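To start, the structure itself, in C-alpha cells.
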Amino acid sequence: MDTHTHFPLLQRIESPADLRKLPAAQLTGLAAEARRFLIESVAGTGGHLAANLGTVELTIALHYVFNTPDDRLVWDVGHQSYLHKILTGRRRQMPSMRQKDGLAGFPRRAESPYDSFGVGHSSTSVSAALGMAIAAARDHSQRHVVAVIGDGAMTAGQAFEALNHAGTLDANLLVVLNDNEMSISPNVGGLSNYLARILSGHTYATVREGSKKVLSGMPGVRELARRAEEHMKGMVVPGTLFEELGFNYIGPVDGHDLDAMIKTLRNLQALKGPQLLHVVTRKGKGYQPAEQNPCKFHGVGKFDPLTGQGQAGGSESLTYTQVFGRWVCDMAEQDESLMAITPAMREGSGLVEFSETFPERYFDVGIAEQHSVTLAAGMACDGLQPVVAIYSTFLQRAYDQLIHDVALQNLPVLFAIDRGGLVGADGPTHSGNFDFSYLRCIPNMTVMAPADENECRRMLSTGFRLQGPAAVRYPRGTGPGVNIEGDLETLPVGKAELRRQGREIALLAFGSTLAAALEAAERLDATVVNMRFVKPLDEDAIARLAASHRLLVTIEDNAVAGGAGSAVAESLAHMGNTVPLVMLGIPDSFIEHATREQQLAECGLDAESIYHRVRREMAGRIASLRAVD
C-alpha cells in the first residue's frame, strides 16, 4: 500500500519536520493522498474512518504551522487522530492498528512523543491542554498548546468547566472546535473565512487590546464599544457564548480550505490569552460511502474500499446489544412508563429501533453521562420507569450520580450496561473491567450478569420490575447462540443455577465466562454453577458447594480486585468456612488492545487456561497434604 507511485508526497514524510519542508502549493495534493491512504488502511484493519477523513486538512495545517512535539497538540477522544499518527512517524505501522502489539486506536503517551495526552473518553482535551498551558507559563516557555475538540464532545459538562476555567486564567491556549455536524453554525464560505482571518490578524488584535486600555478609564464608553464589537461579530459568527467565557472567538472557517486554515492558525500563533477557532468540516470527506452514511462509517470492521461494503461472514447469533434492543421495544409495548436514555450512544447501545418507534420516550442527552443518570432519577421520582443504556466504561463517569441520586434514594432505574469486561480492539480505554467491583459495593443495587441471550432478556425484565436500582451487565459481541424463549419472564432474585454436577472442584461462573467454565469442567469433572447474580449472592448455594467440594473457583470477566470472586470470599469468611478458594479474573493491570479472545487467554479466562490453572492448584494442594502426612 505504501508505495512511491500511489503516495509520492506522503511517503516522504516521516515526521512533521518533513511536512513543514513542503511548499504550501503541494499540501492539497498531500491531503488527497492522505485520504486515499486512510481509506485503504482502515479497510484492511477496521477502525474509525468518517471522523478521520473529515480532519485531513485540519491535521495537516496544525502540524504545518505548529512546531510539534515541542508545541503540544491534544486530541479529544482520538477518533480523528489517525492522520496525526501517520504524519508523526507511524505510517508503516498502520496495518497493525488496533491489533495485538500494534498501534492503539487512540493517542497514547507511551506510543509517541507526539501524543501529548492519552485519550479515549470524550471531552477531556481542554482540561488537559489547560494544564499544559499552565505548566508552560510556570516554565516561562513560549511553546503553544492546542486542544482539538469536536462539537459532539462540547455537549459534555467537563468541556465547559474547562473553558470557563481557562477564561479566568487568561492562559495562552488555543481550542480548535471541529464542528463536523454543522450543529453550531452553517456560516461557511468565502465571507466567513475572510472574517476569520481578519479577526485573528495582528492589526485587529492590536487595535482591540489598545482600545481596551484607552477606554479602561471610561467604563460606560468601554461597555458600549464591547457591545458594538459583539454585535458586529454576532451578526456573522455564533461566538457570544465563548466570548462570555473569556475566549476570543474566531471563525467559522472552512476546515477543508488549507490556505485559510494555515493563514488563520499563523495569525493565532501571535495572539496571547485563550483563543477559540471554530472550524467546520464534513465527516467522511472525500469518500462517498462515508459522506452518505457517516454514522455507519464512524467505527467499521474490515471493508472493500471500492464499494464500502463490509466483509461477509461471522456469527449468525444475536449480539447482546441486539438482545437489549429487541427487549426494550417489547417491554415498551407493554409498559407505557418505560423511558430510554442514552448518552450519545444510540447505535452502539441498540436503541435505533426504539428511537424510531417511540420517539417521545427516547432521550439522547449527548455526551453527558452524569446528566443521563440524574435525569433518570428525576423521572423515577415521578412514576416513570427509566432504562439507561450505557457502556460500562462510560458509566464510570457518572459514579457519583449513580450513588447519590439513584441508589441513595432507592429509585427504580434500570442500567443496561453494554461492553462489560474485555472489549478487544478498542483496548483499555473502553474495557468495562471494573463494573462488578464498583457496583456491588453500593447499597440497594441489584447486579446481574447473563450467561447467554435468553438469560440477558430475562434479567432485563427482572431489573425493570424491581422497585429499586438494578444493573444488567453484558459483554460486547455475540452470545453462545441460545434461542430466546418466553415473553418477558423474570428470574428469582439472587438465585444461582446448577449447570453441571461434578466432584471435588466447583467452578462458580459469573456472566459470559460460563461457556469456558463448562468446557474446562468436562476435562476436570467439576461442578459448574451459573451464579447469575453478583449482588445479592446466592449464599445458600455457596454454602452447599463449600460443604461438598475440596476447591471452589470463581471465574469472572472483571477485575479480581473487589470483584465477584471477592464477594464469594467475603461470604465464606462470614460463614467461617475455610474451603480453599481460587479467584480467576482480570489481573491488576490494564489489558492492551487485541482480539477479545486473545485478551481472555492473556488473563487466563479461556477454557484451556482455566483447565490448566485448576489442575495446578489441585496438584499443589495434594502435594501439600502429602508433605504434612
Side-chain angles (χ1 to χ4, degrees), residues 152 155-156 181 183 293-296 298-299 318-392 394-395 398 401-402 405-406 409 411-420 446 448 450 453-474 476 478-479 484-491:
T155 61
E181 290 289 356
S183 61
N293 196 342
C295 185
K296 175 183 175 182
H298 169 69
L318 290 176
T319 66
Y320 282 100
T321 302
Q322 291 170 326
V323 172
F324 166 73
R326 291 185 181 184
W327 171 86
V328 73
C329 288
D330 291 344
M331 183 60 80
E333 289 280 1
Q334 287 196 9
D335 194 326
E336 293 185 354
S337 68
L338 187 152
M339 303 287 149
I341 302 169
T342 182
M345 294 302 296
R346 184 183 76 147
E347 289 77 16
S349 293
L351 283 172
V352 173
E353 182 181 353
F354 184 95
S355 69
E356 295 170 349
T357 308
F358 306 99
E360 75 286 354
R361 295 156 65 182
Y362 168 74
F363 300 88
D364 184 341
V365 302
I367 303 175
E369 294 88 354
Q370 294 171 312
H371 168 58
S372 72
V373 174
T374 305
L375 174 68
M379 289 180 177
C381 284
D382 279 354
L384 298 178
Q385 293 279 309
V387 177
V388 179
I390 191 168
Y391 287 11
S392 173
F394 298 149
L395 184 56
Q401 288 70 27
L402 177 62
D405 298 338
V406 175
Q409 302 184 89
L411 293 170
V413 176
L414 173 61
F415 294 90
I417 305 177
D418 205 333
R419 270 64 167 180
T446 297
M448 294 167 271
E453 300 92 332
N454 191 52
E455 198 164 73
C456 183
R457 183 176 171 91
R458 295 183 69 185
M459 285 181 176
L460 289 164
S461 297
T462 303
F464 186 75
R465 297 302 184 196
L466 289 176
Q467 295 305 304
V472 179
R473 181 261 211 186
Y474 41 91
R476 181 177 189 172
T478 59
I484 293 177
E485 301 172 353
D487 189 13
L488 294 167
E489 300 174 357
T490 61
L491 293 171

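Values in this document were obtained by computation on a predicted structure and should not be read as measured data.
Contact detail for Leu402 and Leu395: the closest heavy-atom pair is CD2-CD2, 4.4 Å. The two residues Cys456 and Tyr474 have their closest heavy-atom pair at SG-CD2, 3.9 Å. The two atoms that bring Ser337 and Gly383 nearest to each other are CB-O, 4.0 Å, heavy atoms only. For the pair Ile341 and Leu351, the tightest heavy-atom approach, listed with the atom from each and the gap, is O-CD1, 4.5 Å. Taking both residues in full, the closest heavy atoms of Val388 and Ala376 are given as CG2-CB, 3.6 Å, listed atom of the first, atom of the second, then distance. The two residues Pro469 and Val406 make their nearest non-hydrogen contact at CB-CG1, 3.7 Å.
Once rounded to the nearest 0.5 Å, the distance linking CZ of Phe415 with CZ of Arg473 reads 15.5 Å. For the atom pair CD of Glu453 and OG1 of Thr478, the computed distance is 7.5 Å after rounding to the nearest 0.5 Å. Remark: Ser349 OG to Phe394 CZ distance equals 9.0 Å, nearest 0.5 Å. Residue Gln370 holds its CD atom at 4.5 Å from CD of Gln401, rounded to the nearest 0.5 Å. The CD1 atom of Ile367 sits 9.0 Å away from the CE atom of Met345 when rounded to the nearest 0.5 Å. One finds the CD1 atom of Ile390 at 12.5 Å from the CZ atom of Arg419 (value rounded to the nearest 0.5 Å).
Side-chain contact, Thr490 with Arg465: no donor N or O sits under 3.5 Å from an acceptor N or O. There is a side-chain donor-acceptor pair under 3.5 Å between Thr321 and Asp418.
Residues Leu488 and Phe464 are not in side-chain contact: their nearest non-hydrogen atoms beyond the backbone lie 4.5 Å or more apart. When side chains are defined from C-beta on, Leu491 counts as touching Met459, because their heavy atoms get closer than 4.5 Å. Using a 4.5 Å heavy-atom cutoff, the side chains of Thr342 and Tyr362 are in contact. Counting only heavy atoms from C-beta outward, the side chains of Thr446 and Thr462 never approach each other to under 4.5 Å.
Phe358 and Phe354 have tilted rings, their planes meeting at an angle from 30° to 60° on a 0 to 90° scale.
Under the side chain to side chain contact (heavy atoms under 4.5 Å, CB included) criterion, Ala380 pairs with Pro386, Leu411, Pro412, Val413, sequence neighbours left out.
Residue pairs meeting the salt bridge (Lys or Arg N to Asp or Glu O under 4.0 Å) criterion with at least one member in residues 353-376, sequence neighbours excluded, are Glu369-Arg397.
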Per-pair distances, 0.1 Å, donor-acceptor, side chain in residues 322-332, under 3.5 Å, sequence neighbours excluded:
unit_1 : atom_1 : unit_2 : atom_2 : d
Gln322 : OE1    : Thr319 : N      : 2.9
Gln322 : OE1    : Thr319 : OG1    : 3.4
Trp327 : NE1    : Ser461 : OG     : 2.9
Asp330 : OD2    : Arg457 : NH1    : 3.1
Asp330 : OD2    : Arg457 : NH2    : 2.9

Original post:
Would Val387 and Leu460 satisfy side-chain contact (heavy atoms from CB on, under 4.5 Å), going step by step from the backbone distance to the final call?
Top reply: CA-CA 10 Å; Val387 177; Leu460 289 164; 6.0 Å; no

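The neighbour count for Glu336 CD, taken as heavy atoms of other residues, nucleotides or ligands under 6.0 Å away, does not exceed 12.
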